[in-house]
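Values below: all heavy atoms of this structure, side chains included; hydrogens, waters and symmetry mates excluded.
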Amino acid sequence: MSTPQATPGRGGTNLVLATLFFGVFALGCAELLVVGLLEPIAADLGVSIPAAGALVTSYALGLAIGGPILTALTIRLDRRAVLAGALVLFAVANLAPVLIADYALFVVARGVDGAAQGLFVAVAFGVGTSIAPPERAGRAISVIISGVAVSAALGLPLGTAIGQTLGWRGSFTAIIVLSVIVLIATLALVPAVPGSGSGSSGQARYALAPRVLAVLGLNLVVFTSLYAALTYIVPFLRDVTGVPAAMVSVYLFVYGLATAVGSFSGGWFADRNAARTLVVGTTGMAAALLMLHLVGGNPVLVALTMLLWGLFAFVMVPSLQLRVVSLAGPGGELAQSLPASAINIGVALGPIAGGIALSSSASAPVITGLAIALVGIAASVATGYLKPPPATTTAPTVQSTRR
């Protein structure tokens, strides 16, 4: 990755990382917003709730497919300009459903939203690691990726509350305002960072090398396991644990808080040894799912287990990102966008696997997640032996980080 034209000092670096965190948070809120507003959106647009659910699918597909495509197309451009362009595209795509009541347009706009988020996050990782010292690359990634975890913990309930007060369009208007604030901060605080001189074709053979694809496969397995169980955790809490409906949100908040803590702390572990962190994380996930199955009838132990589950799952995220970029070597800039795609495929596959299992019992999705997590342990051990390509002058900054 190219070195910025002007590397900010420690305080400046923190401001840049805070800006990128806030940007990822704003975009993450938009990703989850529809989940809490499906019913009013469906009623307003005159479609069924399952049809409104396509708005979630469209966003995920836009992020998984459109994000890498836009990253490849803009790889030679200045990184700050690309961040600003992604935010403008994101704001316009969110404005469309606010102004025009058309379901088909809304679905398309959500796909554009997802692609803009994928582009922003990929470039944010590149900028964050380029301005941070090599030995702190994992921590820079953790600050940025924590925006997603915090948006999951806070964005959904806040967006839903705004939607209930001002209508669902009010929530989308709030997202637009947030994106404009991030745009101003980006232009004011993020330094100019030159794009890649090699272009996407020169990076592709490194970004799509078998060693990189192997870790992307681990990304997919980890999040398939997570969402196989998490998607159906409410029936588990209700039918197995006996948690009253009013208390379910408390358990989900505990889990959300744990994911945020895991994301923030995961950067430190990534900088120490990313490969080992993945082995420990996948093992911890499997242990938490096993414990969840064994103590499912005890509300206190279930709460503690969900805390550990969230910590182990998200402490791996910075290491998953860092390993992909490191193993891509000179293709690291293009590879920045690929973990999000792999994760979203896992997010799509997990509910399918868990849903099939749910037909037998409320605890079956947890067992399914456990089985997939065991595959993740084996994959993390195997990928731990993979090494980056020999260092070159075009390799990304994080290449020199210890693994």
Side-chain angles (χ1 to χ4, degrees), residues 64 138 141 145 207-233 258-259 262-263 265-267 269-294 305-306 308-329 335 338-357 360 363-389 401-403:
I141 288 174
I145 200 65
L208 299 177
R211 59 181 174 271
V212 178
L213 296 178
V215 181
L216 290 173
L218 176 58
N219 274 263
L220 187 152
V221 169
V222 166
F223 279 84
T224 300
S225 166
L226 179 63
Y227 277 84
L230 182 62
T231 304
Y232 306 100
I233 197 65
T259 64
S263 294
S265 61
F269 292 105
D271 286 331
R272 298 283 291 179
N273 191 311
R276 185 189 304 153
T277 299
L278 296 178
V279 175
V280 174
T282 51
T283 303
M285 268 189 68
L289 286 166
L290 175 61
M291 186 174 174
L292 197 61
H293 173 64
L294 295 177
T305 302
M306 289 187 66
L308 292 174
W309 186 28
L311 280 171
F312 278 115
F314 277 78
V315 81
M316 289 187 284
V317 176
S319 291
L320 288 167
Q321 182 77 25
L322 197 57
R323 282 290 282 167
V324 165
V325 176
S326 173
L327 292 172
L338 300 180
S341 297
I343 286 170
N344 274 273
I345 294 172
V347 170
L349 293 177
I352 296 174
I356 294 172
S360 60
S363 62
V366 172
I367 299 173
T368 301
L370 170 60
I372 299 171
L374 294 175
V375 176
I377 295 174
S380 66
V381 172
T383 58
Y385 292 99
L386 299 173
K387 302 296 182 184
T401 302
R402 288 183 298 145
R403 299 288 177 267

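Remark: the backbone N or O of Leu278 is not paired with any side-chain donor or acceptor of Arg323 at under 3.5 angstrom. The backbone N or O of Ala228 sits nowhere less than 3.5 Å from a side-chain atom of Thr368 that would complete a donor-acceptor pair. A donor-acceptor pair is defined here as one N or O able to donate and one able to accept, closer than 3.5 Å; no such pair exists between the side chain of Ser326 and the backbone of Leu322.
In plain terms, the two heavy atoms of Ile377 and Ala286 that are nearest each other are CD1-CB, 3.8 Å. Closest approach of Ala64 and Asn344 over heavy atoms only: CB-CB, 4.2 Å. Tyr232 and Pro365 make their closest contact through CB-CG, 4.0 Å (heavy atoms, listed as atom of the first residue, atom of the second, distance). Of all heavy-atom pairs spanning Ser319 and Gly266, the tightest one is OG-O, 4.5 Å. For the residue pair Gly262 and Ser265, the shortest heavy atom distance occurs at O-OG, 3.3 Å. The heavy-atom pair separating Gly329 from Pro389 by the smallest distance is CA-CG, 3.8 Å.
In this structure, CG on Leu311 lies 12.0 Å from CE on Met306, to the nearest 0.5 angstrom. With rounding to the nearest 0.5 Å, the separation of CZ in Phe312 from CG in Leu289 is 11.5 Å. Here Leu292 contributes atom CG and Leu308 contributes atom CG; the two are 10.5 Å apart, rounded to the nearest 0.5 Å. Here the CG-OG1 distance, from Leu320 to Thr277, works out to 10.0 Å after rounding to the nearest 0.5 Å. Atom CZ of Arg211 and atom CG of Leu216 lie 12.0 Å apart (nearest 0.5 Å). The OG1 atom of Thr383 sits 12.5 Å away from atom CG of Leu213, with the distance rounded to the nearest 0.5 Å.
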Worked check of side-chain contact (heavy atoms from CB on, under 4.5 Å) between Leu370 and His293: CA-CA 9 Å; Leu370 170 60; His293 173 64; 5.8 Å; no
CA sep, side-chain torsions, deciding dist, call: Trp309, Ile233, side-chain contact (heavy atoms from CB on, under 4.5 Å): CA-CA 12 Å; Trp309 186 28; Ile233 197 65; 4.2 Å; yes
Test side-chain contact (heavy atoms from CB on, under 4.5 Å) applied to Leu208 and Leu338, step by step: CA-CA 9 Å; Leu208 299 177; Leu338 300 180; 4.0 Å; yes
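Sequence neighbours left out, not one pair with a member in residues 219-228 passes side chain to side chain donor-acceptor pair (under 3.5 Å).
With contacts defined as side-chain heavy-atom distances shorter than 4.5 Å, the pair Val317/Phe223 qualifies.
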